[in-house]
Structures are given as structure tokens and as C-alpha cells.
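Small disclaimer: the values here were computed from a predicted structure and weren't measured.
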Amino acid sequence: TVREYMKTTNRDKRIAEITAEMCSITKFAEGSLSASSNTYKLKDGTIKKAKPHWKFQSLGSRGKRTYKNVPTSLVPKVKKLIENARRYRKLEAEYARLMTEESLAALKKTEDEN
């Protein structure tokens, strides 16, 4: 039917778009970035807060958490890498869903022909 043909062509078009976008994401980092800063007291009694220390946390081998210190100058780049990873995983999930639909539709089509 025309309706099913349109679904298939839209699905194929979206799969091609997702594949192209996934190929464009060449660098990413899965994990999170956190900041912590120490407070200290001066001789005159005032309390000061130090500059934040940035840490990147991710899962290493065997699910063990790993931490990596990140210089303040590189924080925007690391945030961009984390955002790329989120976008990549989202595209990956949509791709898997569409490919499952495509595979099931192909099975149904071959069954209808027999």
C-alpha cells in the first residue's frame, strides 16, 4: 500500500540521516564532569574559597570508576566531548529502533509474498 511505502521511504531516509550524523561525530567522551573547591581560613579569620578543581569521571575496565583531573582551560572542550557522547548514544538508540522496525517489516513482506 501507499501508506506502507511512505513509512518505508521515510524510515530509510531517517536511517541514512542518522548514519551520516553518527559518522560526523568523531570524538566523544562518555562520563561526567564535576568541580570541587577547597575553603581555607586566613590569619585574619576570613574564609576564602579556592579555584575549582575539575575531574572527569568515567567507567573503566570491569565497571571500575576512573577519575582524571582536567585543567580549567580544557573544561569547555571536555563538556563538548560529553555532549557529543550523549548525542551519539541518542542517535544509536534511534538507529536500533528503526532498524528493528525495518527488519520486522521485511520479514512481514516476505511472509506476505509466500
Side-chain angles (χ1 to χ4, degrees):
T1 64
V2 173
R3 187 178 200 180
E4 235 173 87
Y5 173 76
M6 291 300 289
K7 275 186 182 179
T8 305
T9 55
N10 287 343
R11 194 180 306 131
D12 290 340
K13 186 177 174 184
R14 182 63 185 144
I15 288 171
E17 289 172 0
I18 290 171
T19 306
E21 195 172 341
M22 285 173 76
C23 289
S24 72
I25 301 172
T26 56
K27 294 181 181 179
F28 64 87
E30 287 192 277
S32 61
L33 195 62
S34 63
S36 63
S37 57
N38 297 332
T39 56
Y40 56 95
K41 191 184 271 191
L42 296 176
K43 287 182 182 178
D44 65 356
T46 58
I47 296 175
K48 293 277 186 169
K49 196 170 191 176
K51 286 192 255 180
H53 299 91
W54 293 90
K55 286 192 178 191
F56 176 74
Q57 175 185 337
S58 63
L59 287 178
S61 61
R62 298 183 184 175
K64 186 178 177 185
R65 286 195 178 137
T66 60
Y67 297 91
K68 181 95 173 164
N69 289 326
V70 178
T72 306
S73 60
L74 295 179
V75 168
K77 290 181 181 179
V78 173
K79 285 183 178 181
K80 179 69 176 162
L81 291 173
I82 293 169
E83 183 57 40
N84 283 349
R86 286 188 183 131
R87 197 169 104 231
Y88 188 86
R89 292 298 172 211
K90 188 175 177 184
L91 289 169
E92 186 179 50
E94 186 179 358
Y95 179 81
R97 182 183 57 81
L98 289 171
M99 287 305 292
T100 301
E101 288 176 10
E102 187 73 26
S103 299
L104 292 175
L107 283 175
K108 187 176 179 182
K109 188 175 181 181
T110 57
E111 189 178 286
D112 289 344
E113 289 175 357
N114 291 332

Exercise. If you round to the nearest 0.5 Å, how far is NZ of K90 from CE of M22?
Worked result: 13.5 Å
Exercise. How many angstroms lie between OG in S32 and CZ in F56, if you round to the nearest 0.5 Å?
Worked result: 7.0 Å
For this session: Can you see which heavy atom on S37 is nearest to which on P52, and at what distance?
Result: CB-CA, 3.7 Å
Exercise. Name the one of E102, E94, E17 that satisfies salt bridge (Lys or Arg N to Asp or Glu O under 4.0 Å) with R11?
Worked result: E102
Exercise. Does atom CZ of F28 have more than 12 heavy-atom neighbours from other groups under 6.0 Å away?
Worked result: yes
Exercise. For atom CZ of R86, is the number of surrounding heavy atoms from other residues, nucleotides or ligands below 6.0 Å larger than 12?
Worked result: no
Seminar exercise, completed: Output for pair (C23 SG, Y88 OH), nearest 0.5 Å, gives 8.0 Å
For this session: Answer yes or no: is there an ion pair linking K79 with E83, defined by an N-O contact shorter than 4.0 Å?
Result: no
Exercise. Shared ILVMFWY cluster between L59 and I82, side chains joined below 4.5 angstrom?
Worked result: no
Exercise. To the nearest 0.5 Å, how far apart are CD1 in I25 and CZ in R89?
Worked result: 10.0 Å
Exercise. After noting the C-alpha distance and the side-chain angles of E30 and S58, does the key distance pass the side chain to side chain contact (heavy atoms under 4.5 Å, CB included) rule?
Worked result: CA-CA 6 Å; E30 287 192 277; S58 63; 6.0 Å; no
Exercise. Does atom CZ of R97 have more than 12 heavy-atom neighbours, drawn from other residues, nucleotides or ligands, at distances under 6.0 Å?
Worked result: yes
For this session: Nearest 0.5 Å please: distance from the CG atom of L81 over to the NZ atom of K27.
Result: 8.0 Å
For this session: Find the distance between CG (L98) and OG (S103) and round it off to the nearest 0.5 Å.
Result: 10.5 Å
Exercise. L91 and I18: which non-hydrogen atoms are nearest, and at how many Å?
Worked result: O-CG2, 3.7 Å
